[in-house]
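Comments concern the structure below.
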Amino acid sequence: MSSNLKTKELNDDAIIRNLWSEGLHDLDQRQTFKKNIEFYDFIIVGAGTAGCLLVRELIYNIPNINILLLEAGPPDIQVNDIMRSPCAYPSVFRTIETDWGYSTEDQKMPSSIDPTKEVLNKGIYYPRGKVIGGCTRKSMLLFLRRGQKADYDLWASQGPEYEIWNYDHCLEAFKATENNARKNPDEEFKKYHGFNGLLYVQDKQNDLDDILKDVIKIAKNLGIPHNNDFNGDRQNGIGEYQHTMKDGNRFSLADGYLTDALKKVETYPPSKPFELGSPHRLGDDVAKFVAVNVKCFSHMLNIIWDEEKKDENVAIGIKYFYNGRVHESFIAPKGEVIICGGAINSAQILMLSGIGPKNNLEENNIKVRKELPVGRNLLDHPGCSINAKVVPNSTSTSRMDYSSCGLELGMFYKGDINGKIPSQKNFLDKRPDIQFFASTNILDPADSDHAKSGKRNDILTFASILNIPSSVGYLELRSSNPFIHPKIFLNYYEKPDDLYLMMSSLKLSCEMLKQPPLSTVWGVEPDVDKEMSDEDWEQYIRKMVSFDGPD
């Protein structure tokens, strides 16, 4: 976009904002509005993955409560068509109505190959869902919710209070949320999956592309075992992903959990009519609504604290911007404020409210209520891909599947810590650290749209994701202005082990692309040089870095 065109767009936006503000001012002059004091039993900030699930569990499991659910983005019905289509997910990335529009910071650091040299991690576009359903409304739909058993048991071993995090206990919770539509599941599959939950999961509806079937054959020849369930007893191996879809359409946590939560609308108790006022001043016999109230386009400003209990930092409400005005909502006695803004927004909200690193808060003129390492320990999974042009020597009968997200074929294995092609021993390791997928879509982080679909049989993408990174990032406030994005430092490949593991995976991808029938029948031409030094690989990996999403 040219600078003149961008300036014109900004000027047009400013004119419209001024007209909107003028309309609000005119309305205020013509009619005086009474400011209601809102009270709820629970206030949940963020209607993404956690918020949708939590609001449903609360409204059905605690008698006679009401809940306020705030979402900064639009309702999902506002973008109903494109949001429902699995194959259209590249189109909703970086869409201003449904994305926070984050970008990470440029970072210079020592080279992992030659520490005497300096390398640049250039900032990347960093999508986060800003819509009812959150990232489940914008993601690639891969159903990979669990990780590995050993991690849960490790957390549980820290002490008696952590036992609730053991794998067997968490597995039951996972199964309770899941409604898996696999046809004729065997007994082993049934051990690890639920069939009555509110989150729908299904296998790919149509057959794999011919070229992807040949990828499976190559993997088998290399000694990589087959796996028909990446959420089962083991993760390692090659197989097809399951997806969060129902009847070929995207299915988000909002479709399942929020929709069900909104069905419950009651009054309690019926003996006395509704009255306005604080619940502290109302008797138990006054009626109230038992329901979930959702407010979209509501931007959280900060938490309201109980100033009579300054040393305890007790939250009593929230302040948020909605429909051109600042609003306040409070919780009733024994109520709770729950922040479900994800890894980025939750940390920013706490820091804006005075909870976080002392130095960062003070440099932004925020009163420190409690010094805590909020924003630290940001774990993310860097990705990198190799794209190969396909010039087939034969005609494929594959057809575009519009109920597909294009990411059907996956593989998990242990990378080589020295950056070499993994051995068969690595393929059999049940603690894999590399996640791989093969696709006939191209994911190009240098593209302004981030992702675009290649023509069928024109492209084959091998993408690798580092699932257990050693490098740890952080975020911090850029400003006390709640509408300004925080600074995000991912620290990708700060630890050399991470770079060598990614290099190992990409070298395996190149080796697979050399094998027939990819190299013969399909005539694949990778976009990397045939002979690359480790230094060359480092430059490629840092240049082609892509996101997976923070934990």
Side-chain angles (χ1 to χ4, degrees), residues 1-36 38 45-48 51 68-85 88-104 123 125-135 137-138 254 293-302 318-329 341-342 344-345 348-349 352 364 447-452 477-488:
M1 181 183 293
S2 69
S3 58
N4 289 338
L5 183 59
K6 189 170 185 178
T7 300
K8 182 181 184 303
E9 281 193 0
L10 291 174
N11 289 338
D12 289 346
D13 287 348
I15 292 171
I16 297 300
R17 280 196 296 271
N18 288 336
L19 292 173
W20 176 68
S21 298
E22 183 181 327
L24 283 179
H25 177 73
D26 184 58
L27 185 64
D28 288 340
Q29 298 300 311
R30 289 186 282 109
Q31 181 169 348
T32 301
F33 286 89
K34 180 170 64 176
K35 186 175 182 180
N36 290 335
E38 300 177 345
V45 180
L68 173 64
L69 178 63
L70 295 187
E71 170 54 45
D76 51 353
I77 57 173
Q78 181 167 320
V79 279
N80 183 57
D81 53 352
I82 197 169
M83 284 292 183
R84 303 283 172 182
S85 173
Y89 77 86
S91 301
V92 300
F93 284 171
R94 215 169 188 171
T95 302
I96 190 169
E97 292 88 352
T98 60
D99 194 291
W100 281 96
Y102 293 127
S103 293
T104 68
Y125 151 60
Y126 204 61
R128 293 283 89 197
K130 187 181 181 183
V131 60
I132 292 289
C135 290
R137 188 55 80 193
K138 295 167 64 72
N293 182 23
V294 182
K295 283 191 175 182
C296 291
F297 302 110
S298 300
H299 193 107
M300 176 73 170
L301 301 178
N302 58 265
I318 60 167
K319 185 181 292 186
Y320 60 99
F321 185 75
Y322 173 70
N323 197 28
R325 294 184 174 87
V326 174
H327 293 249
E328 293 181 349
S329 292
I344 307 301
N345 295 91
Q348 184 183 22
I349 289 167
L352 289 170
N364 286 288
D447 189 344
S448 62
D449 294 327
H450 182 78
K452 59 185 178 182
L477 291 180
R478 191 187 306 271
S479 167
S480 60
N481 184 339
F483 297 96
I484 292 180
H485 292 166
K487 298 178 183 178
I488 303 171

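None of these values were measured; they are calculated from a predicted model.
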Does a side-chain heavy-atom distance below 4.5 Å link Pro74 with Ile132? no
For Ala72, enumerate each residue passing the side-chain contact (heavy atoms from CB on, under 4.5 Å) test, keeping only those at least two apart in sequence or located in another chain. Trp100, Lys130
Of all heavy-atom pairs between Cys296 and Gly73, which one has the smallest distance, and what is that distance? CB-O, 3.3 Å
How would you list, by chain and number, every residue that makes a salt bridge (Lys or Arg N to Asp or Glu O under 4.0 Å) with Lys295, sequence neighbours excluded? Glu38
Please report whether the ring centroid of Phe483 lies less than 6.0 Å from that of His299. yes
Ile484 backbone acceptor or donor facing Gln348 side chain under 3.5 Å: yes
Is it true that Asn345 and Tyr102 share a donor-acceptor pair across their side chains at a distance under 3.5 Å? yes
Side-chain ion pair, Asp99 and Lys138, N-O less than 4.0 Å: yes
Before you tell me yes or no, could you show the steps for Met300 and Ile318 under side chain to side chain contact (heavy atoms under 4.5 Å, CB included), namely the whole-Å CA-CA distance, both residues' side-chain angles and the distance that decides it to 0.1 Å? CA-CA 8 Å; Met300 176 73 170; Ile318 60 167; 3.5 Å; yes
Mind listing the closest non-hydrogen atom pair of Ser479 and Asn364 along with its distance? CA-OD1, 3.2 Å
Under a 4.5 Å cut-off applied to non-hydrogen side-chain atoms, are Asn323 and Phe297 in contact? no
With sequence neighbours excluded, tell me which residues meet side-chain hydrogen bond (donor to acceptor under 3.5 Å, both in side chains) with Asn293. Tyr40
Taken to the nearest 0.5 Å, the spacing of Glu328 CD from Asn302 CG works out to 9.0 Å
Measuring from Thr104:OG1 to Ile344:CD1, what's the distance to the nearest 0.5 Å? 10.0 Å
Approximate separation, where rounding is to 0.5 Å, of Ser480 OG and Leu352 CG: 7.5 Å
Within the side chain of Glu71, is there an N or O that forms a donor-acceptor pair under 3.5 Å with the backbone of Val131? yes
Nearest-0.5 Å distance, NE2 of residue His327 to OG of residue Ser298: 8.0 Å
Check Ala254 against Gly133 and note the closest heavy-atom contact, atom names and distance. CB-CA, 3.8 Å
dist Tyr320:OH -> Leu70:CG (nearest 0.5 Å) comes out at 5.5 Å
For residues Ser329 and Leu68, report the shortest heavy-atom separation together with the two atoms involved. OG-CD2, 3.5 Å
How long is the gap from NZ on Lys487 to OG on Ser103, to the nearest 0.5 Å? 14.5 Å
